[in-house]
Amino acid sequence: MSAEHEPVVYRDWTAHETTAVETLDPTPVAALGALLDGDEPVPGTGDVLPPLWHWVALPRWPYSSAIGADGHPHRGEFLPPVGLPRRMFAGGEVTLHGDLRVGTQVVREARVDSVEEKAGKSGPLVIVRIGIRLREPGGELLLEEQQNLVYRESTPVPAPGDLPDPTVPANAEPVGAPLVPEDGGWRFRTDPTLLMRFSAATANPHRIHYDWPYTTRVEGYPGLVVHGPLSTLVLAECLRLEHPDRSVRHLAHRNTAPLFCGENAHANVALAADDRAEVHLRKGDTTLVVLSADLALDTPKGTQR
């Protein structure tokens, strides 16, 4: 995101950088802590955010007049006017240069770094890469991030007789804490209220996470889709819980397949070395998310002041 970077052009649209002074909001941080419902203390004002918790600490609700049919803001403003209907969080990278503390102000710089059209196995794809930087108001760089979004065609909606049974999600019971120790790793559980609460904490109005008729009858999914950032964040949590003596300096994450509400998934943490770890989220034999982390053996980034 240097001054020499040429703006990205996609058809008739030109990328532009946005800069805003924002507060690392304690309210959605507390909401995420309640959602995870773990034994660790929830970061409060002045505490350091754990890795990836900035996704909830900087909520950005769109104006109602700016929302499109899928719940996302209309394309063609900050994001390019991609014509493909499905949008998926495909992964990214985060480098932590300093501490992000709850309740403090940061300068958020963001822009689209690239737009790439590709031909995938299931049809055309558009990959949008977004660069984000968080700085102290005085200019010190605290965090650098790249987020990758993938746009693709919708899956054909099944015939009326083949549509998913609506009584299954309607009768779903709350699962309790989403992360439960199991078989040398962690079981990750979801239910509709959990997805709704994460949508609210992250200011995410995308309908595939809470609107079952839209999700199954318009976008052709078999059920509500678990947020890619939620699946990624719980992997960072597994790493933090298993190795509190290590702090994260860099994360790379890749979302390869969706998880649907009510499906159980299993996470496991593997240390490749003292300064390197990999965390996988799997559903049976299918890998859903892979997170790689560079670590340091010092005071962990948690709630210690």
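None of these values were measured; they are calculated from a predicted model.
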Cation over ring face, R86 and Y221, 6.0 Å, 45°: yes
For a 4.5 angstrom cut-off between non-hydrogen side-chain atoms, does [X] reach [Y]?
{"X": "T215", "Y": "V218", "answer": "no"}
{"X": "W53", "Y": "L233", "answer": "yes"}
{"X": "V94", "Y": "L143", "answer": "yes"}
{"X": "V289", "Y": "R254", "answer": "no"}
{"X": "L224", "Y": "P169", "answer": "no"}
{"X": "D99", "Y": "L142", "answer": "no"}
{"X": "V157", "Y": "L163", "answer": "yes"}
{"X": "V180", "Y": "W186", "answer": "no"}

I need the [X] [atom1] to [Y] [atom2] distance, nearest 0.5 Å.
{"X": "D275", "Y": "R249", "atom1": "CG", "atom2": "CZ", "result": "12.0 Å"}
{"X": "L230", "Y": "T202", "atom1": "CG", "atom2": "OG1", "result": "8.5 Å"}
{"X": "D113", "Y": "I130", "atom1": "CG", "atom2": "CD1", "result": "9.0 Å"}
{"X": "E116", "Y": "K118", "atom1": "CD", "atom2": "NZ", "result": "5.0 Å"}
{"X": "E40", "Y": "E237", "atom1": "CD", "atom2": "CD", "result": "8.0 Å"}

Check [Y] with [X], please: is the shortest side-chain N to carboxylate O separation under 4.0 Å?
{"X": "D191", "Y": "R189", "value": "no"}
{"X": "R135", "Y": "E109", "value": "yes"}
{"X": "R101", "Y": "D47", "value": "no"}

Grab the two heavy atoms, one from V115 and one from P80, that are nearest each other, plus how far apart they are. CG2-CG, 3.9 Å
Validation: residues 279-288 side-chain donor-acceptor distances under 3.5 Å, sequence neighbours left out:
residue: R282; atom: NH1; partner: N268; partner atom: OD1; Å: 2.9
residue: K283; atom: NZ; partner: E263; partner atom: OE1; Å: 3.1
residue: K283; atom: NZ; partner: E263; partner atom: OE2; Å: 3.4

Donor-acceptor under 3.5 Å ([X] side chain, [Y] main chain):
{"X": "R75", "Y": "V82", "result": "yes"}
{"X": "N204", "Y": "H206", "result": "yes"}
{"X": "T14", "Y": "V9", "result": "no"}
{"X": "H74", "Y": "I67", "result": "yes"}

Measure the acute angle between the ring planes of F89 and H253, then classify it against the limits of 30° and 60° as parallel, tilted or perpendicular. parallel
Can you list the steps and then say if T167 with D165 is a side-chain hydrogen bond (donor to acceptor under 3.5 Å, both in side chains)? CA-CA 6 Å; T167 62; D165 182 359; 2.8 Å; yes
With a sphere of 6.0 Å drawn around CD of E182, does it hold more than 12 non-hydrogen atoms of other residues, nucleotides or ligands? yes
Take a 6.0 Å sphere around CG of D39 and say whether it holds more than 12 heavy atoms from other residues, nucleotides or ligands. no
Show your working on side chain to side chain contact (heavy atoms under 4.5 Å, CB included) between T193 and F198 and close with a plain yes or no. CA-CA 9 Å; T193 59; F198 191 75; over 6 Å; no
Please determine which of E17, E145, E140, E144 meets the salt bridge (charged side-chain N to carboxylate O under 4.0 Å, His left out) test together with R133. E144
Between T18 and R111: side-chain donor-acceptor atoms closer than 3.5 Å: no
Between H227 and S199, is a side-chain hydrogen bond (donor to acceptor under 3.5 Å, both in side chains) present by the stated rule, with each step listed? CA-CA 8 Å; H227 311 70; S199 289; 2.8 Å; yes
Apply salt bridge (charged side-chain N to carboxylate O under 4.0 Å, His left out) to D294 and R276, showing your working. CA-CA 5 Å; D294 294 332; R276 185 75 175 168; 2.4 Å; yes
